[in-house]
**Q** 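Please read through the structure below; I'll follow up with questions.
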Amino acid sequence: MTIMTELRHAWIITVKEFRQLSRNKALMVPLFLFPIIMIIFFGYGMGGTVKNAPILIVNDDTGIASNALIQEIGSYTASYNGNPMFKMTYTKDMAQAEAESKIDAGMYKAILLIPHDYSERLAQNENVTLTLLTDSSDTTTSGIIVGFMRQILSRAGPVGLEIPNIYGNLEYLDFLTPAVIALTIFMGSVATTGSAIAGEKEDGTIVRILMTPVSRTSVILGKTIYQLILQLVRAVILILAAYFLVGFHMNGSWLLVSLVLVIFTLGGVGMGIVMSTRVDDMESFFQLNLLLTLPSMFVTGVFFPLSSVPDWMRYIAYCLPLTYANDAMRTIMIKGQGIGAISTDLIILSLFALITFSAGVHLFRREA
Amino acid sequence: MIYLEPIIEVRDLTKVFHSRGRKITAVDDVSFDVLDGEIFGMIGPNGAGKSTTFSMLTTLVKPTSGSIKVAGFDVYKQDNKIRPIIGIVPQKLSLYPDLTARENLELMGKLYDVPKSIMEERIDYYLRLVGLESHADRFTGGFSGGMKQRLSVICAVLHDPPIIFWDEPSTGLDPQTRQSIWKLARKFNGEGKTLIFTTHYMEEADSLCDRIAVMNLGKLVALDTPEKLKEKSGSSNLEDMFIRLTGEEVRD
């Protein structure tokens, strides 16, 4: 069979896949809307700037040092971009148990307890420990408050405070968006390829297609072309959504981003094919898919930096291709680096694509 | 009727499956010819090897040993020559539920490289022939079993194949649909096409087939015209003949 025939047959399959997609309205939501929702939710919800977070400062000390500290805290808060992050309330004579109950009740996000001997001990160069109670159910806010307090307390003395807005909305989104794109493309290509084939196995249509003069290579090629188009369109929609809805900033080359995504999609398609040959129906495919997606989602540093996870988790992450895609996407999109900086990632991702794709084609050919 | 040429030649065909360390001989040293222009039936209880033979004849599964020639082409080396000249109606009616009847037909037509104008003409003709013209633009997901069977049949003949393989054509169909399916089979045969059936129904084999191959436990146990088979076994109907040849116990 000539290459032209193969390509023509592949295109017939591609068109068929798109037609089926257009009929499947229920699939459109997770494919196109879900990643956007994820960006918005995580972007605003998790990494969002803290606004007017109520903090209570219980000052049992009457000395100079504690006054200075309180003033520092108060003055900085007011100067933040005209948009106060914290809303401070001051009081005294409150026991820790009572303070805890106020956090339980959701009245304050954090309560700083300044002991009565704070100034005295500081004056004598003794160690003094302040207690900071936080509402740890709200991880983002409490994290920001803890960071903020640490900064202030680490500079005992009248040093001008500077709080870098690394916790700000923009920064977290910049961190999040490239990886969410990689995650979306990976999950999408594996799941849609695999479940489509598993479904076609279930209803016998794939066998019917294989009975026709069309080669198996053409069938796989057709499905791959479909995936490449579909996943790149999804990536574009995501990037546009990130740009217009939450103000994402792109610092690098679109061409490199496309290159990474194309290679990664090929790997995902290969992975989907491999997984689909191991199951007989859609239901089992999705169970198998969970095994791959869940670790990929939470271990590979999509939502938090890989440097912050324990070693054993990092080793798992190094075995998952998404880790390298995340790194490549961030290096390009945030740091604006060129191909040199992502060469290791690209090599690993290409190997991943090569291995899964050859295995997928091989297993698919062997199947009846 | 006189048949001159064999169109399918099966020689010493064997298929062995390996499953969880077990060796299963699904088809065991089977040889037969299908003659050009006949309706050839394959009957046998479950597990007799009909479906495996069917899969090998239709190039879907490679034989372990032995040979199959379809219209002179070797199933091992020239399966790409065989596929365009055979039409297959699979047992599992394989239609895309989210495509309309016409789209399913067009997909098949394109995959068989039928030129567009001829394809459209044939699609209209066949849809009318099987009485599905008013359902042409409906999704096949909502079709009844009979409608799916009729649509599957015309999916298989759009490229005008000289040989049609038909796996259990009337399993689970109502008598009306079964009658219309038989009528279609005779019509195709009347146009000179060779038909190969597998079936459970003796009545179907009796009324349709020119010759019947009876399979049991992977072996070919009899091959003759329905009349001769009845005669030889001394039974008045094929069902008795079948039970006599293949035993009474129920197969899994």
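Because the structure is predicted, anything quoted here is derived from the model rather than measured.
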**Q** Of the listed residues (A:Q20, A:E200, A:R8), which shares the most heavy-atom pairs with chain B below a 4.5 Å separation?
**A** A:Q20
**Q** Check whether any side-chain heavy atom of B:I7 sits under 4.5 Å from a side-chain heavy atom of B:L35, and report yes or no.
**A** no
**Q** Quick check: do B:I196 and B:I163 have side-chain heavy atoms less than 4.5 Å from each other?
**A** yes
**Q** Would you sort out whether B:D160 and B:K193 count as a salt bridge (Lys or Arg N to Asp or Glu O under 4.0 Å), showing the intermediate values?
**A** CA-CA 9 Å; B:D160 198 21; B:K193 296 182 195 304; 2.5 Å; yes
**Q** So which bits of residues 109-123 of chain B come within less than 4.5 Å of chain A, counting non-hydrogen atoms only?
**A**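 Near chain A, by residue number: B:K110, B:L111, B:Y112, B:D113.
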**Q** Is there a side-chain contact between A:F18 and A:I229 (heavy atoms, below 4.5 Å)?
**A** yes
**Q** State whether the number of non-hydrogen atoms from other residues, nucleotides or ligands found under 6.0 Å of A:E283 atom CD is greater than 12.
**A**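 Count not over threshold, so no.
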**Q** Please confirm whether the backbone N or O of B:G37 pairs with a side-chain atom of B:N189, one donor and one acceptor, at under 3.5 Å?
**A**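 A pair under 3.5 Å: yes.
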**Q** Applying a heavy-atom distance below 4.5 Å, give me the residues of residues 141-157 of chain B that approach chain A, sorted by number.
**A** B:C155, B:A156
**Q** Show every ring pair (Phe, Tyr, Trp, His ring centres under 6.0 Å) that has at least one partner inside residues 194-222 of chain A, sequence neighbours left out.
**A**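 Qualifying pairs: none.
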**Q** Please list every donor-acceptor pair under 3.5 Å in which a side-chain atom of residues 184-195 of chain A meets a protein atom from a residue at least two apart or in another chain.
**A**
residue, atom, partner, partner atom, Å
A:T184, OG1, A:V180, O, 2.5
A:S189, OG, A:I185, O, 2.8
A:S189, OG, A:F186, O, 3.1
A:T192, OG1, A:G188, O, 2.5
A:T192, OG1, A:Q227, OE1, 3.3
A:T192, OG1, A:Q227, NE2, 2.8
A:T193, OG1, A:S189, O, 2.6
A:T193, OG1, A:Q227, NE2, 3.3
A:S195, OG, A:A191, O, 2.7

**Q** Select one option (side chain, backbone, both, neither) describing which atoms of B:L95 are under 4.5 Å from chain A's heavy atoms.
**A**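 Just its backbone gets close to chain A.
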**Q** ring-ring contact (aromatic ring centres under 6.0 Å, His included) with B:F40: which of B:F54, B:F32, B:F197?
**A**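 Among the candidates, only B:F32 passes.
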**Q** Please determine, among B:D98, B:I82, B:T59, B:D79, the option with the most heavy-atom pairs under 4.5 Å with chain A.
**A** B:D98
**Q** Do we see a donor-acceptor contact under 3.5 Å between the side chains of B:T194 and B:E38?
**A**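 No, because no side-chain N or O of B:T194 sits under 3.5 Å from a partner of the opposite role on B:E38.
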**Q** Just wondering, do A:I12 and A:V214 contact through their side chains at under 4.5 Å, heavy atoms?
**A**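 No, side chains not in contact.
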